[in-house]
Amino acid sequence: MRAAAAILILLLLAGCAGNEAPVQQPSMYADMAAPGAKLDAQAASVMISQYRQNNGLGTVIIDPDLMKLAESQSDAMAAANKMDHDVRAPLGKRLNAGGYPATVAVENVSAGYHTLAEAFSGWRDSPPHRANMLKGGVTKLGIAASYAPNTKYKVFWTMILASTDPR
């Protein structure tokens, strides 16, 4: 009887061990170099906002129009297999063509980083990119990562920070 009870307890405990939820990886570590990978724009907004707050600046919110403009830039770089702010046109011309009434705007582009965390770290560690992330007066964010498997870099990133507030 004791042996049967011990076996039953072991079986119950083994069953409980299999019910643990798997630990989910934070979205900032999601690999964008995969078909169908989706960038977590909200996580990017939180990451950039926290960085800005740590440096005495205001937060940024996701702007759907800037998201489209960033995606268009990343897609253009991926199609050209070239990391370049001006692959289609300079930022100001792209904003005007998209009907975006920016009073201030800056852009970071990069290529080759597979995760949001890597792209953020690269920008943070580059003085001109860091200055853009810490630009005063910006309140809105658009960010995109485009995967192009047959290119040198595989993933092309664009982040646009802007404001439409009067100066």
**Q** Is D40 close to L116 at the side-chain level, that is, under 4.5 Å between some pair of heavy atoms?
**A**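 Side chain of L116 against side chain of D40, heavy atoms only: no contact under 4.5 Å found.
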**Q** Could you check whether any side-chain heavy atom of M77 comes within less than 4.5 Å of a side-chain heavy atom of V109, counting everything from C-beta outward?
**A**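 Side-chain contact under 4.5 Å: yes.
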**Q** Are the side chains of M28 and V46 in contact, using a 4.5 Å heavy-atom criterion?
**A**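 V46 does not reach M28 side chain to side chain.
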**Q** Do E107 and H85 have side chains that get closer than 4.5 Å, going by heavy atoms?
**A** yes
**Q** For residues Y51 and F120, establish whether the separation of their ring centroids is below 6.0 Å.
**A**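 Under 6.0 Å, so yes.
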**Q** Roughly how far apart are L66 CG and Y100 OH, rounded to 0.5 Å?
**A**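 If I round to the nearest 0.5 Å, the distance is 3.5 Å.
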**Q** W123 versus W157: any side-chain heavy-atom pair under 4.5 Å?
**A** yes
**Q** Within the 4.5 Å heavy-atom criterion, are T59 and I48 side-chain neighbours or not?
**A** no
**Q** Please determine, by modelled atom types, if S72 and R88 share a side-chain donor-acceptor pair under 3.5 angstrom.
**A**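 Side-chain D/A pair, S72 to R88: present.
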**Q** Does some side-chain heavy atom of L141 sit less than 4.5 Å from a side-chain heavy atom of M159?
**A**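 Yes - at least one pair of side-chain heavy atoms lies under 4.5 Å apart.
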**Q** If you count the non-hydrogen atoms of other residues, nucleotides and ligands that lie under 6.0 Å from CD in E118, is the total more than 12?
**A**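 Count over threshold, so yes.
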**Q** Does any part of the side chain of M133, heavy atoms only, come nearer than 4.5 Å to the side chain of N108, both counted from C-beta?
**A**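 They are in contact (side-chain heavy atoms under 4.5 Å apart), so the answer is yes.
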